[in-house]
Amino acid sequence: MTHNLSNREVASVLQRLGDLLEIRGEAVFKIAAYRRAAESIATLAEPVRSIRDRGELQKIPGVGKAIAEKVSSLLDTGSFKLLDEVQAEIPPGVAELLTVPEIGAKRARVLYDRLGIDSLEALKAAVAEGRLHGTGGLGPRAVERIAEGLASLRPTSQGLPIGTAYALGTELLRLIEQIAPALKGVQVAGEVRRYREMVNEITLVAAVDDPAELVHQFCAQPIVSRVEDRNDVAGRVILENGANVSLHVVHPEAFPVALVLYTGSEEHVRRLQSLGTAGQLSISRDGLVRDGQKVQCRSEEEVYARLGLQYIPPPMREDTGEIELALRGELPLAIDASMLKGDLHTHTEWSDGKATVLEMGLAARAMGYRYMCLTDHSRSLGVANGLGPERLELQRAEIQSANAELAPFRILQGIELEVLGDGTLDLPDETLAELDLVIASVHSGLRKSREVVTSRALAAIRHPLVDILAHPTGRLVGGRPGGDFNMEVLVQEAARTGTVLEIDSEPARLDLRDTHVRLALDAGCSLSIDSDAHSTGGLSTVHFGAGVATRAMATPDRILNTLPLVEMLAALKRNRQ
DNA sequence: GCCGTTTTCGGCCCGACTGTTTTCAGTCG
């Protein structure tokens, strides 16, 4: 067992400890402290180990003396006293129960104490045998929701959500760069590169002169828990954390073709191969071959060109019509995060964000943006310390002084406005009119009927001062399914009223999803690609949203925030005439 | 457990929704 823990792994230990302490019934603020520290460590740019080696753990926000000591022990020995103690009292599997709807800490405890349920498997069995009824105040309705929740629970075979897989892919990339000094190229390919929202396998392609040596070294890494399959040019392994990983190693001249092959999808590649056959070209991991002669390709673009195709961006490679469009030269360009001129959905410490107005502005400017709209939560979202008219006015003053420092970069003032239970909005029109932009969100009551949730979203869309509808369905990738909105009706009404629909790039949301984006485009809607960042680091997630937009074949002219500031503001519903 | 232009104690994360034990506890955002 190695203790070479990554930041993500340290964070997940602290997160799980928080869950177990909650089940144990500890004070809420202690639990919150562990979770805060976990989140803080998860977003660190630097390995927590090097911070520890410098003796600076306590400089991490949310990490004090006690947690610093525990993290240090975790890095050295793989555990610490409190963790051992709590795990001896409550099996870690009990914490998994918290992922099931209707089951929080109290019920998890009761289910464990009274029925001995210590894992999701045990819960499934108890539901099947009808043993849940009456325990911990669970009635027929709740038991039904638990059964539904268990059925829709992401089986491990469905893989990792893109956010996790992408981070893991990047870590593996760095690892390969370290162990292969003579590396000629390496890239994450497969489902991650295609921005699939769930990833079954993290696929990497590397180019070196001695493939067998790299495969051998990779399979011997401590993070590898099991080698499933391996030969001189490829290895398929399972990591300690359970992730499936494939590494394909080719000679440098075959790298571009290998990238195409291992980026997939299988269906897409099969179509390319049959196109190749028609032109006497064979496509394999050795490269392109015509009449026994290798056809040199220096880039993926060249591979597609040799096949008589426009370059097809990875997110589109699903054989859902992209090849026909590329043959006719009608494929739209990929939406790239670099096309965005600003971010329209961000949070600061005025509500539940981590950074100040100025810190967010500096970070956004450093990314090359020309503007950013702050959209802190509105007052009804008490948990997030939402803003009412008075605090908005105070915030405006802070924004003005930040703008004086950041010009010509511009911070706009907006709000993420709660749509209340009856479809009314959380703030009066006169307050909304003073803001640069309003994003409306349906956060509560997502479990209500199709009619109810749809009519609430429609009320927001129809309001003249609502410019954008945020994360329109409220779904979470690989988790909560989101409200049962009638999307056909929503996109029609958004198009009619000029309300922009958001692609929330937060990898846990990706909302709108690709199919909904297509629906919105066909209806004539405009879209925005936003980060929904709650920290400066969170701003960089927009590439995930760009991936979704690309797969849906959106064009830049349909994305509001590809416009420069003045044009973007003029395009808002409130500023149109 | 963390944190401090309210400092070494006493705050910090509040309120809507839901089903049900029928008067509120537990979940969830």
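Because the structure is predicted, anything quoted here is derived from the model rather than measured. Computed from heavy atoms alone, side chains included, the values below leave out hydrogens, waters and symmetry copies. Chain letters run A, B, ... following the sequence lines, proteins first and then strands; every chain starts at 1.
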Exercise. Take atom C1' in B:dT20 and the same atom in B:dG26, then report the distance between them in whole Å.
Key: 11 Å

Quiz item: How far, in whole Å, is B:dT23 from B:dG29 if one measures between their P atoms?
Solution: 28 Å

Quiz item: Given that both distances must come in under 3.5 Å, which nucleotide forms a Watson-Crick or G-U wobble pair with B:dT8?
Solution: none

Quiz item: Any stacking of A:Phe29 on B:dC2, going by centres under 5.5 angstrom and planes within less than 30 degrees?
Solution: no

Exercise. Please report, rounded to the nearest Å, how far the C1' atom of B:dT27 is from the CZ atom of A:Arg447.
Key: 8 Å

Quiz prompt | Closest nucleotide among B:dT18, B:dG29, B:dT27 to the A:Lys448 side chain | solution = B:dT18

Quiz item: For the side chain to side chain contact (heavy atoms under 4.5 Å, CB included) test, which of A:Thr499, A:Leu465, A:Leu437 pairs with A:Leu572?
Solution: A:Leu437

Exercise. For residues A:Ala554 and A:Ile559, report the shortest heavy-atom separation together with the two atoms involved.
Key: CB-CD1, 4.3 Å

Quiz item: What is the distance, rounded to the nearest whole Å, between atom CG of A:Leu98 and atom P of B:dC28?
Solution: 9 Å

Quiz item: Of A:Leu74, A:Val63, A:Asp53, A:Val71, which is the lone residue that meets side chain to side chain contact (heavy atoms under 4.5 Å, CB included) with A:Val48?
Solution: A:Val71

Self-check item: From CG (A:Leu132) to CD (A:Glu144), nearest 0.5 Å
Solution: 13.0 Å

Practice problem: For A:Leu446 and B:dC17, give me the distance from atom CG to atom P, rounded to whole Å. | Solution: 12 Å

Practice problem: Choose from B:dT20, B:dG1, B:dC13 the nucleotide whose nearest atom is closest to any side-chain atom of A:Arg141. | Solution: B:dT20

Quiz item: Considering only side-chain heavy atoms of A:Ala32, which listed nucleotide, B:dG26, B:dC13, B:dG29, is closest?
Solution: B:dC13

Quiz item: Counting any heavy atom closer than 4.0 Å, what does A:Gly445 reach on the DNA or RNA strands: base, sugar-phosphate only, or nothing?
Solution: nothing

Quiz item: Just how far, in rounded Å, is C1' of B:dC12 from NZ of A:Lys354?
Solution: 14 Å

Quiz prompt | C1' gap between B:dC2 and B:dC13, integer Å | solution = 15 Å

Practice problem: Select base, sugar-phosphate, or nothing to describe what A:Val63 touches, counting heavy atoms under 4.0 Å on all strands. | Solution: sugar-phosphate

Self-check item: Residue whose closest nucleotide on DNA chain B lies nearer the 5' end, A:Ile60 versus A:Gly139
Solution: A:Ile60

Quiz item: Where each residue is assigned the nucleotide of DNA chain B containing its nearest heavy atom, which of A:Ile67 and A:Arg145 is assigned the position nearer the 5′ end?
Solution: A:Ile67

Practice problem: Assess the pair A:His534 and A:His345: is the distance between their ring centroids shorter than 6.0 Å? | Solution: no

Quiz item: Out of B:dT27, B:dC2, B:dG29, which has the shortest distance to the side chain of A:Arg107?
Solution: B:dT27

Quiz prompt | Polar contact flag, side-chain donor to acceptor under 3.5 angstrom, A:Asp511-A:His516 | solution = no

Exercise. Write down the distance separating the C1' atoms in B:dG11 and B:dT6, rounded off to the nearest Å.
Key: 10 Å

Quiz item: To the nearest angstrom, how far is A:Glu102 atom CD from B:dA25 atom P?
Solution: 17 Å

Exercise. Rounded to the nearest angstrom, tell me the gap between atom NZ in A:Lys106 and atom P in B:dC24.
Key: 16 Å

Exercise. Please work out if A:Ala105 contacts a base, only the sugar-phosphate, or nothing of the nucleic acid, heavy-atom cut-off 4.0 Å.
Key: sugar-phosphate

Practice problem: Please work out if A:Ile103 contacts a base, only the sugar-phosphate, or nothing of the nucleic acid, heavy-atom cut-off 4.0 Å. | Solution: sugar-phosphate

Exercise. Between B:dC3 and B:dT8, how far apart are the C1' atoms? Round to whole Å, please.
Key: 10 Å

Practice problem: Calculate the interatomic distance between A:Asn385 atom CG and B:dC14 atom P; express it in whole Å. | Solution: 10 Å

Exercise. Nearest whole angstrom, please: distance from the C1' of B:dC13 to the NE2 of A:His377.
Key: 13 Å

